[in-house]
*Asks:* 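Quick one: the structure is below, questions incoming.
What you see below is based on every heavy atom in this structure, not just the backbone, and it leaves out hydrogens, waters and symmetry mates.
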Amino acid sequence: NLANSFIVKCKAQVVYRKIHDKEENGNFIKCGLTFLDMDLNDHRRLLSLLHQAENQNSYISSKVDQDDLWKFFFEAGFIYPGKYSFISENKKKIKKTYKKLYTENPSIAAHFICRKKGLIQGHMSMLRFYENTWLIHHHAALKSSMIKAGLVVLDQVGKFAYDSHRLYSSHMDYLICYYRPENKFPNQIFGGAVKSIKNPKAFSLDPFSYTHFRKSVDTDNGLPKSWCLEKPQQADFQELENFYERESGGLMLKALDLEPSSDDRSNLSEEYTKLGFKRERHLFALKKKGILKAILMLNTTDIALNMSDLTNCIKIIILDPESLTKDVICKVVSILSKNFEQKKFPVLIYPSSFVEKEKIPFEKMYNFWVMNTQYSDEYFKHMGRLLKIQPV
């Protein structure tokens with residue numbers, strides 16, 4: 001019971017029990033407990049108190065005025081002309097989604113705000129998007145801020161993950177984020193962790209080529225003869241794992257629920273539906289004469305749940321590029337485009353060598369970063385060497 005403000009119910013384990021003798025008011029017993037699990041909302045409220053005790057301008061999943069939030073996004077330069085065009089086309093749907101995210105405190109999302117004198121100075125958010133994986137995104141700070149608000153919210157996210165990942169209810173085995181390699185700040189923070197720690201089973205980085213496809217009006221025409229698109233079998237996932245171990249050896253398949261042991265999970269999608277959000281995932285195996293050429297993952301969510309629509313996209317992992325052409329890829333994407341509401345949607349292709357070989361036009365590269373939260377101590381050591389978080 002904390003300050004008569006709320007009661008936290010939890011599962012805990014006694015770590016130690018000490019009897020103290022000869023005290024003024026008699027003997028007493030001191031017990032040390034470790035939290036095993038608790039309700040996510042209770043845990044966030046507890047962490048909110050702790051974060052604000054350390055920094056009075058740090059807020060976790062607090063209610064945010066929508067006008068203040070959008071004003072901040074524009075002033076921080078987070079919403080640039082191209083992104084604004086996308087937002088303006090879907091204005092009503094996006095505002096409805098963000099109202100739920102920032103006022104109802106859903107269990108599948110968290111946001112971190114640095115606020116001073118009533119004004120938002122920095123922002124970062126997280127989204128549980130795979131079974132045991134949270135996506136870090138929407139990092140922004142006012143350029144005029146001299147209080148390093150961007151670092152403050154980054155530090156908040158790190159501490160939140162450190163304090164949450166051991167709780168079963170958090171489902172936080174992995175943290176992921178996408179960033180442009182030419183963006184110096186995330187490249188120094190996230191890419192630097194990969195280079196510094198040098199353990200692909202702790203931190204990994206995989207580059208994706210990113211482009212947009214326009215939704216096709218004709219999605220019924222079949223693939224060329226001898227090609228087929230079908231539901232992946234256990235053997236296909238095993239082949240994917242073998243390929244990825246040779247190609248990278250990182251954490252991507254674990255984070256994206258693409259391991260052979262991963263079943264057709266629907267619990268998370270059901271959780272989204274219960275909270276009033278949309279999340280669907282469809283997996284496909286592209287084969288020629290029975291030979292696996294690529295695995296495709298199609299995600300559909302509420303528009304702009306991620307501002308770059310990286311939660312509303314098709315990921316294509318090329319295992320065998322032989323006889324696989326740009327035309328076949330375009331045809332497959334055209335067939336799958338019927339699943340999207342929007343006229344344009346992103347397609348991410350791995351590895352990038354296939355995009356170069358087939359001369360597929362792409363707009364940018366995204367590094368896909370994964371952190372195994374069991375190695376969070378190493379991450380904080382890296383951060384400590386790199387940055388000094390200044391109190392606000």
Side-chain angles (χ1 to χ4, degrees), residues 51 54-55 58 76-78 110-112 114 121-127 129-130 133-143 145-165 172-210 244-245 247-256 306-308 310 348 350-352 364-392:
H51 280 226
E54 182 180 358
N55 185 334
S58 295
F78 182 70
H111 58 268
F112 307 85
C114 178
Q121 305 282 323
H123 171 279
M124 206 166 190
S125 56
M126 297 173 69
L127 188 68
F129 198 64
Y130 298 98
T133 301
W134 285 70
L135 168 67
I136 301 171
H137 63 169
H138 298 175
H139 189 198
L142 294 181
K143 294 179 181 178
S145 173
M146 300 304 292
I147 59 173
K148 299 185 179 179
L151 298 181
V152 171
V153 292
L154 181 66
D155 186 50
Q156 272 189 282
V157 170
K159 289 176 178 176
F160 177 80
Y162 185 83
D163 291 328
S164 302
H165 78 270
M172 196 181 287
D173 292 347
Y174 304 99
L175 298 182
I176 63 174
C177 75
Y178 299 83
Y179 70 88
R180 302 276 299 278
E182 61 269 25
N183 192 329
K184 292 182 180 179
F185 183 79
N187 198 37
Q188 192 175 25
I189 300 295
F190 302 119
V194 176
K195 292 178 183 177
S196 173
I197 296 161
K198 297 178 182 177
N199 179 358
K201 299 305 181 186
F203 301 85
S204 68
L205 207 61
D206 292 299
F208 278 86
S209 299
Y210 172 102
Y244 180 70
E245 280 300 311
E247 185 73 20
S248 170
L251 297 164
M252 180 171 71
L253 301 187
K254 292 179 182 293
L256 298 180
N306 170 268
M307 286 288 191
S308 298
L310 293 167
L348 290 86
Y350 175 89
S352 55
K364 52 187 110 171
M365 296 293 296
Y366 268 111
N367 279 339
F368 180 70
W369 178 83
V370 186
M371 168 184 167
N372 183 336
T373 54
Q374 296 299 319
Y375 294 87
S376 53
D377 285 345
E378 282 78 356
Y379 172 77
F380 276 105
K381 288 177 184 176
H382 163 71
M383 287 287 289
R385 290 191 296 265
L386 200 61
L387 303 169
K388 289 184 179 179
I389 305 298
Q390 300 295 325
V392 182

*Asks:* According to the interplanar angle, ranging from 0 to 90°, do the rings of Y350 and F208 count as parallel (below 30°), tilted (30 to 60°) or perpendicular (above 60°)?
*Replies:*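 The arrangement is tilted - the two ring planes meet at 30° to 60°.
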*Asks:* Specify the closest pair of heavy atoms between S204 and Y244, including all atoms of both residues, with the distance to one decimal.
*Replies:*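 For S204 versus Y244, the nearest heavy atoms are OG-OH, 4.4 Å.
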*Asks:* Apply ring pair (Phe, Tyr, Trp, His ring centres under 6.0 Å) to Y130 and list each qualifying residue two or more places apart in sequence or on a separate chain.
*Replies:* none
*Asks:* Going through the checks in order, is the side-chain contact (heavy atoms from CB on, under 4.5 Å) test met by L256 and Y174?
*Replies:* CA-CA 10 Å; L256 298 180; Y174 304 99; over 6 Å; no
*Asks:* Can you tell me how far apart CZ (F160) and NE2 (H111) are? Round to the nearest 0.5 Å.
*Replies:*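 The NE2 atom of H111 is 11.0 Å from CZ of F160, to the nearest 0.5 Å.
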*Asks:* Which heavy atom of H137 sits nearest to which heavy atom of M126, and what is that distance?
*Replies:* CD2-N, 4.2 Å
*Asks:* Give me the one residue out of V153, D155, V152 that meets side chain to side chain contact (heavy atoms under 4.5 Å, CB included) with S58.
*Replies:*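 That would be V152.
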*Asks:* Looking at A76 and K143, what are the two nearest heavy atoms and their distance?
*Replies:*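 Scanning both residues completely, I find the closest heavy atoms to be O-CE, 4.4 Å.
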*Asks:* Roughly how far apart are Y379 OH and Y162 OH, rounded to 0.5 Å?
*Replies:* 14.0 Å
*Asks:* Report the residues that fulfil salt bridge (Lys or Arg N to Asp or Glu O under 4.0 Å) with K201, sequence neighbours left out, ordered by chain and then residue number.
*Replies:*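 By the salt bridge (Lys or Arg N to Asp or Glu O under 4.0 Å) rule, K201 matches E245.
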*Asks:* Would you name the heavy atoms of A255 and V370 that are closest together and state the gap between them?
*Replies:*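 Of all heavy-atom pairs spanning A255 and V370, the closest is CB-CG1, 3.8 Å.
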*Asks:* Please identify each residue that fulfils ring pair (Phe, Tyr, Trp, His ring centres under 6.0 Å) with Y210, with sequence neighbours left out.
*Replies:* H212, Y366
*Asks:* Anything under 30° is parallel, anything over 60° is perpendicular, the rest tilted; go ahead and classify F190 against W369.
*Replies:*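 Rings of F190 and W369: tilted, as their planes differ by 30° to 60°.
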*Asks:* Within the 3.5 Å criterion, strictly below it, is a donor on Y178 or N306 matched to an acceptor on the partner's side chain?
*Replies:* no
*Asks:* In Å and rounded to the nearest 0.5 Å, what is the OG1 to CD1 distance from T133 to I176?
*Replies:*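 Going from the OG1 atom of T133 to the CD1 atom of I176 covers 6.0 Å.
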*Asks:* To the nearest 0.5 Å, how far apart are CD in E378 and OG in S196?
*Replies:*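 Atom-to-atom, E378:CD and S196:OG are 10.0 Å apart.
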*Asks:* Set out, in order, the CA-CA distance, both residues' side-chain angles and the distance that settles side-chain contact (heavy atoms from CB on, under 4.5 Å) for M365 and E182, then state yes or no.
*Replies:* CA-CA 9 Å; M365 296 293 296; E182 61 269 25; 5.7 Å; no
*Asks:* In sequence, state the C-alpha distance, the side-chain angles, and the governing distance for H139 and Y179, and then conclude on ring pair (Phe, Tyr, Trp, His ring centres under 6.0 Å).
*Replies:* CA-CA 11 Å; H139 189 198; Y179 70 88; over 10 Å; no
*Asks:* Let me confirm one number: the CE-CG distance from M383 to L151, rounded to the nearest 0.5 Å.
*Replies:*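 So the gap between those two atoms works out to 7.0 Å.
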*Asks:* Minimum heavy-atom separation for M371 to L251, with atom names?
*Replies:* C-CD1, 4.4 Å
*Asks:* Is the shortest side-chain heavy-atom distance between L175 and T373 below 4.5 Å?
*Replies:* yes
*Asks:* Enter the distance from C177:SG to L310:CG here, rounded to the nearest 0.5 Å.
*Replies:* 10.5 Å
*Asks:* Give the minimum heavy-atom separation between H123 and H138, together with the two atoms involved.
*Replies:* ND1-O, 2.8 Å
*Asks:* Any non-hydrogen side-chain atom of L154 less than 4.5 Å from a side-chain atom of F112?
*Replies:*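 Sidechains of F112 and L154: no contact.
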*Asks:* Should the heavy atoms of other residues, nucleotides or ligands under 6.0 Å from NZ of K195 be counted, would the total exceed 12?
*Replies:* no
